[in-house]
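Taking it in order: structure first as structure tokens, then the write-up.
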Amino acid sequence: MKLSVDLQDPYSYMILWVILAGALFLAVLVAQIIFRKKNPKPKKEKKKKPPKIKTPPKKTLMQLKQSYAAELANLEYRVATQKVTIRAAYQEMSLIIRKFVAEATGIRVDDYTLEEISRLRMPILYSLVQEYYEPEFAKYAISDVQNSIKKTRRAILGWY
């Protein structure tokens with residue numbers, strides 16, 4: 001049987017579309033390459049780790065004793081040259097011995113009252129702080145600063 005319509009090859013009319021699709025693909029590919037060269041991809045930021053804080057090595061007991069004995073020597077010099085008042089000297093002595101005990105034992109006695117210090121069972125610290133109280137807080141007090149500095153020095157150097 002003869003047909004009145006002649007059929008064409010299936011690919012004879014589609015070659016134009018294949019060429020257009022290929023050309024479009026190449027155009028997109030070239031555009032991507034050009035775009036990426038002009039605008040490089042931003043590098044991902046690595047999560048910043050918090051900086052490590054370098055703590056100085058803990059001082060040995062001997063180093064602590066030397067350091068605080070030097071502070072006492074400085075205070076003794078300033079008392080002798082009258083660069084510091086008696087009250088200020090006792091306040092500074094109290095601060096020195098409290099800081100020393102805090103560093104040596106790890107107990108923060110710098111803000112303890114005399115009653116709280118008495119519960120610590122540290123008789124040397126208790127007797128020194130008790131000795132400092134009157135000259136430190138009274139309006140008028142009779143005291144021997146040089147002797148108190150010597151007692152404080154003996155307490156620090158004799159600490160175990």
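Both backbone and side-chain heavy atoms feed into the values below; hydrogens, waters and symmetry mates do not.
S143 places no side-chain N or O within donor-acceptor distance of the main-chain N or O of V145, the cut-off being under 3.5 Å. Judged by distance alone, with hydrogens and angles left aside, the side-chain atoms of S94 form no donor-acceptor pair with the main-chain N or O of Y90 at under 3.5 Å. Of the possible donor and acceptor atoms, one in the side chain of T152 sits under 3.5 Å from a partner among the backbone N and O of S148. Not a single donor-acceptor pair under 3.5 Å links the side chain of Q66 to the backbone N or O of Q63. Although no hydrogens or angles enter the test, the distance criterion places no donor-acceptor pair under 3.5 Å between the side chain of S67 and the main chain of L64.
D144 has its side chain within reach of Q146: a pair of non-hydrogen atoms, C-beta onward, lies under 4.5 Å apart. Proximity of I107 to Y112: side-chain heavy atoms (C-beta onward) are separated by under 4.5 Å at one or more points. L120 has its side chain out of reach of Y126: every pair of non-hydrogen atoms, C-beta onward, lies at least 4.5 Å apart.
Interatomic distance, K65 NZ to W159 CH2, rounded to the nearest 0.5 Å: 10.0 Å. Atom CD1 of residue I124 and atom OH of residue Y160 lie 6.0 Å apart, to the nearest 0.5 angstrom. Expressed to the nearest 0.5 Å, how far CZ of R119 lies from CD of E115 amounts to 4.5 Å. In this structure, CG in N74 is found 8.0 Å from CD1 in I96, a value given to the nearest 0.5 Å. Rounded to the nearest 0.5 Å, atoms CZ (F100) and CD1 (I156) are 5.5 Å apart. Interatomic distance, T113 OG1 to Y133 OH, rounded to the nearest 0.5 Å: 5.5 Å.
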| said: Test side chain to side chain contact (heavy atoms under 4.5 Å, CB included) on I117 and M122; report intermediate values, then the result. | reply: CA-CA 7 Å; I117 290 173; M122 293 182 191; 5.6 Å; no
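Minimum heavy-atom separation, A69 to L157: CB-CD2, 4.1 Å. The nearest pair of heavy atoms linking V84 to A89 is CG2-N, 4.0 Å.
Put simply, L61 and V109 are part of the same group of oily side chains (I, L, V, M, F, W, Y) that touch within less than 4.5 Å, one to the next. Linking Ile, Leu, Val, Met, Phe, Trp and Tyr residues whenever their side-chain heavy atoms come within less than 4.5 Å leaves L75 and Y77 in two separate clusters. One hydrophobic cluster holds both I86 and F137 under the rule that ILVMFWY side chains link at heavy-atom gaps under 4.5 Å. Residues L114 and L128 share a hydrophobic cluster, clusters being chains of Ile/Leu/Val/Met/Phe/Trp/Tyr side chains in contact below 4.5 Å.
Applying the salt bridge (charged side-chain N to carboxylate O under 4.0 Å, His left out) test to residues at least two apart or on different chains, the pairs with a partner in residues 102-114 are R108-D110. For residues 146-160, the pairs satisfying salt bridge (charged side-chain N to carboxylate O under 4.0 Å, His left out) are E76-R153, E131-K151, with sequence neighbours left out.
Evaluation of the salt bridge (Lys or Arg N to Asp or Glu O under 4.0 Å) rule for R98 yields no partner, not counting sequence neighbours.
Ion pairing between K99 and E71 fails under the 4.0 Å rule for side-chain N and carboxylate O.
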